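A short write-up of the structure that comes next.
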Amino acid sequence: MQDLVFIEGLKAQAVIGVYDWEKKIQQDLVFDLEMEHDNRVPAETDDLAKTLDYEAISNYILTFCAERQFELIETLAEHLVGELIGQFKLNAVTLTLRKPGAVPAAKAVGVKIHRKSAVTY
Ligand SMILES: Nc1nc2c(c(=O)[nH]1)N=C([C@H](O)[C@@H](O)CO)CN2
């Protein structure tokens, strides 16, 4: 499968970090997602219900970040991707998660994960 639906540069706020001071503040996170999907199916039907709805998925991520709290961005990434696969029936997803303010000398630091569903949708 070559087709993707993607989300690039989605900015969210979350309580995230290993240090005590980080548990009292909101910090910026930036999400890039590449989600495998056969885009021929929605293209043939012109039907939003046959797509991966990038608006709905973006809103899910923003709500997830507002409601959940983790120390490591690895943990946030793993939990989020697990939920996205289940909620939106994703076959495979690559998530790049950046924490731009974490290392002032760096443009950004973060993690990238690629996960596949245990079942094929
Ligand atoms: N691989 C990671 N390294 C670090 C993380 C993390 O989540 N994953 N977090 C921190 C601190 O919370 C840092 O962001 C505070 O500025 C350090 N290293």
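Remember, it's 1-based here, ligands and their atoms both numbered in the order they're listed. Everything numeric in this text was worked out from a predicted model, so none of it was measured.
Ring geometry for F70 versus H79: interplanar angle of 30 to 60°, hence tilted.
Hydrophobic cluster of V18: the remaining members, joined at side-chain heavy-atom separations below 4.5 Å, are Y19, W21, I25, L72, listed by chain and number. Grouped by direct or indirect side-chain proximity (heavy atoms under 4.5 Å, Ile/Leu/Val/Met/Phe/Trp/Tyr only), V103 sits with V109.
The shortest N or O to N or O distance between Y19 and ligand 1 is not under 3.5 Å. Between V111 and ligand 1, no N or O atom pair is found at a separation short of 3.5 Å. Ligand 1 has no nitrogen or oxygen under 3.5 angstrom from a nitrogen or oxygen of L72. Not one N or O of W21 is nearer than 3.5 Å to an N or O of ligand 1, by distance alone.
Distance from atom 1 (N) of ligand 1 to its nearest protein heavy atom, with residue and atom name: E74 OE2, 2.7 Å. Looking only at heavy atoms of the protein, atom 16 (O) of ligand 1 is closest to A102 O, 3.4 Å. Atom 12 (O) of ligand 1 has its closest protein heavy atom at E22 OE1, 2.7 Å.
The backbone N or O of I16 lies less than 3.5 Å from a partner atom in the side chain of Q27, making a donor-acceptor pair. Formation of a donor-acceptor pair under 3.5 Å by the N39 side chain with backbone atoms of D3 is not found in this model.
With atom 7 (O) of ligand 1 as the reference point, the heavy atom nearest to it among V103, I73, V18 is part of I73.
Every atom of ligand 1 is numbered from 1 in the order shown, and the set under 4.0 Å from a heavy atom of G17 is 12 (O). Near K99, meaning under 4.0 Å from one of its heavy atoms, ligand 1 places the atoms 12 (O), 13 (C), 14 (O).
Protein heavy atoms all stay at least 4.0 Å away from atom 4 (C) of ligand 1. Proximity of atom 14 (O) of ligand 1 to the protein is indicated by at least one non-hydrogen atom lying closer than 4.0 angstrom.
One finds no salt bridge joining D28 and R98 here, because no Lys/Arg side-chain nitrogen approaches an Asp/Glu carboxylate oxygen to under 4.0 Å.
Summarising the local packing, CZ of F88 is surrounded by more than 12 heavy atoms from other residues, nucleotides or ligands at distances under 6.0 Å. By the neighbour-count criterion of 12 heavy atoms within 6.0 Å, atom CG of D47 is densely surrounded, having more than that number from other residues, nucleotides or ligands.
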